[in-house]
Amino acid sequence: MSIFFEAQSRTFHLTNQYISYLIKIMPNDQLGQLYFGKAVRHSDNFDYLFERVSRPMSASVFEGQPDFSLDHIKQEYPSYGTGDFRHPAVCVRQKNGSRILDLTYQSHRIIPGKPALADLPATYCESPDEAETLCIVLEDKLTGLTVELCYTLFCHRPVLARSARFHNGGTDPLMLETAMSLCLDLPDSRYEWMQFSGAWSRERHIRTRMLEMGIQSVESTRGTSSHNHNPFIVLKRPETTEFSGEAMGFSLIYSGNFLAQAEVDTWGVTRVLMGINPFAFSWKLEPGEAFQTPEAVVVYSDQGLNAMSQSFHRLYQKRLARGYWRDRPRPILLNNWEATYFDFDEEKLLQIARTAREHGIELFVLDDGWFGQRDSDAVSLGDWFSNSRKLPDGITGLAEKIEAMGLKFGLWFEPEMVNKDSDLYRAHPDWTIHTPGRRVSLGRNQIVLDFSRPEVVDYIYEQMAGLLSRAKISYVKWDMNRCITEAFSWSLPADRQGEVFHRYILGVYRLYDRLNQAFPHVLFESCASGGGRFDPGILYYAPQGWASDDSDAVERIKIQYGTSMCYPVSSIGAHVSIVPNHQIGRVTPLETRANVACFGTFGYELDLNCLTHAEQEEVKKQVAFMKQYRQLLQFGTFYRLLSPFDTNFASWMVVSEDKKTAIVGWYRLLNEVNGPFHRIRLCGLDPQAMYRINQRDVCYGDQLMHIGLVTTDASAGESMPAKKPSGDFDSCLYILEAE
Ligand code: DGJ
């Protein structure tokens, strides 16, 4: 692997065994983009890729050279207004009101490893020989603005990580209006665009369409990355499948307002932009000040979507997530939310926990409702002291009793929020985000604390850290249940109000970071009304996230399937809940609920005392199964096999590193009568190995991969097996063990 710089042709070539990325310093000293894709051999000159042509209506850079126009040239970090009419990577308003920039090459350095990003989550190296980083400094001479573009190439991954750092080296303040993390001009537009969109309770559904001339984008303006769109898109060739073909995934390590956009111009060039959403954003850079963009990660695959996802999984599992829990199988938990909501006391909780313990569960999580006067969602957010009516011995006492049972104890917080009816709000109404003279919009009866203010973050840290030090708390569920409205910080001057959203997220990251450092053994699970902030930024601090409030097994198949495009199984919080399901009213078999949730960080969201004896016995088996296989389920190589977005079926599988064990999850959404015979072709097995399937039949790996695993059962014919009254929402796990 290497990053080459060819001085004569002024070309950078970042390449490893998988990918090549080519940048050229153009005749006007700005950076041009020549190529990104499958690795090619190195040459000292790639100038034939630098396309110059004279076109009517295009403005040219140099007099007498009409063929050198930014209108059509592919660029690395373009600005608007000097011949390129596409959306720019950077826009800076200057003292005289102008936005024209000329960012030209000044210098570069190539360093081993990967420098950390100031105050922001990012991928990292454990040793400097894992990656190499190219930093190119561009300067706008008139203003003194410099932009350092950083590109990290990981040695053994088809991955490039990018970010930009701005520095005002001039004498006048500058106003950043657009500061993207990534810009990539691709030479054609024959791509399908995939986005991962939805709403509360149906997050990250896969949506695919052909790229068209013009702009297509997903974004957030809500202050969180959002349920509505994930900061992740894929461009794939139309013929690309899960198993073959070219795909590029673009992921932003950021939890606030983002933009992911593809603009196809008139000549079929596709410009991908990704970064902080320029809408409602500006950042004032005083002389001497710097601004760091979040990191964007690009993964290339020429072996289909599964290979792309696996690259993301490995990177995010091993070089984004951190800390004690990064590599550890996750505790099987029971969360009381859907079991009790706000209606509990200590005795009720202990009863639930006791039964959980008898079933082999390892962690009891107390959700919302334990603090202040919290009997509904209208009161007490911000008052992080226990409700003595419900918990006479406080959280400390409860945690001790739970620990004494042999369970670990976990606790819910919603650190970023306050209710009007709370001591915190009464003491510090100015600590909330609201605009002078305007009404305050409530969401779930609550207001957002102004985390752009360090003193607010410090106060919440003290509250949480105090409790985490006093009580035996092994796990924290960090919730966030509304979007930001009337964005305004009372601590910032008028010309800095465009900074509120980004400063808010920096405050969230700061609090997470301080808690991670002070309590390195505590497992953090993120949550934002389910999957409203399920993004790589949060994954840096919380290695798992509650993927959705929708705990129905059938809905979850789609949510987990879409989520798996970018995020590893070890990050996907998934629980078995009661039926009829509380979100959708559906009744699914207990077996299917567990068969879906086990492809995640498994747990239960119900009171086991409400189950029948037979169901309780089934739960015991599920817990024992999960303990036996969770290492493989959460950290094995994950393949999607059948999409619930395309068919009545879904299937996915995990394979161990040594290929000796695999688990296939197979799900039929609605039953079929007299249906076809079905086989699924498996992936990633050892073709030579003989696998025993569910301790019964045997098949060779090549047979399972090329002929397939037969999934047809008796219900394919005219009659249903007697034990199943419905037959809808059926599922099966196949455990494959090499002999
Ligand atoms: C929303 C979360 O997604 C739920 O799991 C639960 O924690 C509630 N908030 C509690 O208010």
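One-based numbering, in listed order, for ligands and for the atoms of each. It should be emphasised that the depicted structure is a prediction, and the values quoted were computed from it without experimental measurement.
- Other residues, nucleotides and ligands contribute only 12 or fewer heavy atoms inside 6.0 Å of the CG atom of Asp119.
- Of all the atoms in ligand 1, the ones that sit under 4.0 Å from a non-hydrogen atom of Gly530 are 3 (O).
- Within a 6.0 Å radius of CD in Gln583, more than 12 heavy atoms belonging to other residues, nucleotides or ligands are found.
- With Tyr541 as the partner, the ring pair (Phe, Tyr, Trp, His ring centres under 6.0 Å) test is satisfied by one option alone out of Tyr509, Trp478, Phe519: Tyr509.
- Within the 4.5 Å cutoff, side-chain heavy atoms of Arg453 are placed close to those of Asp430.
- Neither the backbone nor the side chain of Asn335 comes within 4.0 Å of ligand 1, counting heavy atoms alone.
- The Trp546 neighbourhood of ligand 1 comprises atoms 3 (O), 5 (O), with distances under 4.0 Å to a heavy atom of that residue.
- A salt bridge between Asp421 and Arg426 is present, with a side-chain N of the basic residue lying under 4.0 Å from a carboxylate O of the acidic one.
- Contacts with ligand 1 closer than 4.0 Å are made by side-chain heavy atoms of Cys527 only, the backbone lying farther away.
- In this structure, the side chains of Leu333 and Phe602 stay at 4.5 Å or more apart for every pair of heavy atoms.
- Contact check for Val619 versus Leu608: side-chain heavy atoms found under the 4.5 Å cut-off.
- What sits closest to atom 7 (O) of ligand 1 on the protein, heavy atoms only, is Asp367 OD1, 2.7 Å.
- Using modelled atom types and a 3.5 Å distance limit, the side chains of Arg482 and Thr485 yield a donor-acceptor pair.
- Atom 11 (O) of ligand 1 has Asp368 OD2, 2.7 Å as its closest protein atom, hydrogens excluded (heavy atom only).
- For the ligand labelled ligand 1, residue Arg444 lies inside the 4.0 Å heavy-atom shell.
- Annotation: atom 4 (C) of ligand 1 to nearest protein heavy atom, Asp549 OD1, 3.4 Å.
- Short contacts between ligand 1 and Asn481, defined as distances under 4.0 Å to a heavy atom of the residue, involve ligand atoms 1 (C), 9 (N).
- Here the heavy atom of the protein found nearest to atom 5 (O) of ligand 1 is Lys477 NZ, 2.7 Å.
- Looking at atom 9 (N) of ligand 1, its nearest protein heavy atom turns out to be Asp479 OD2, 2.7 Å.
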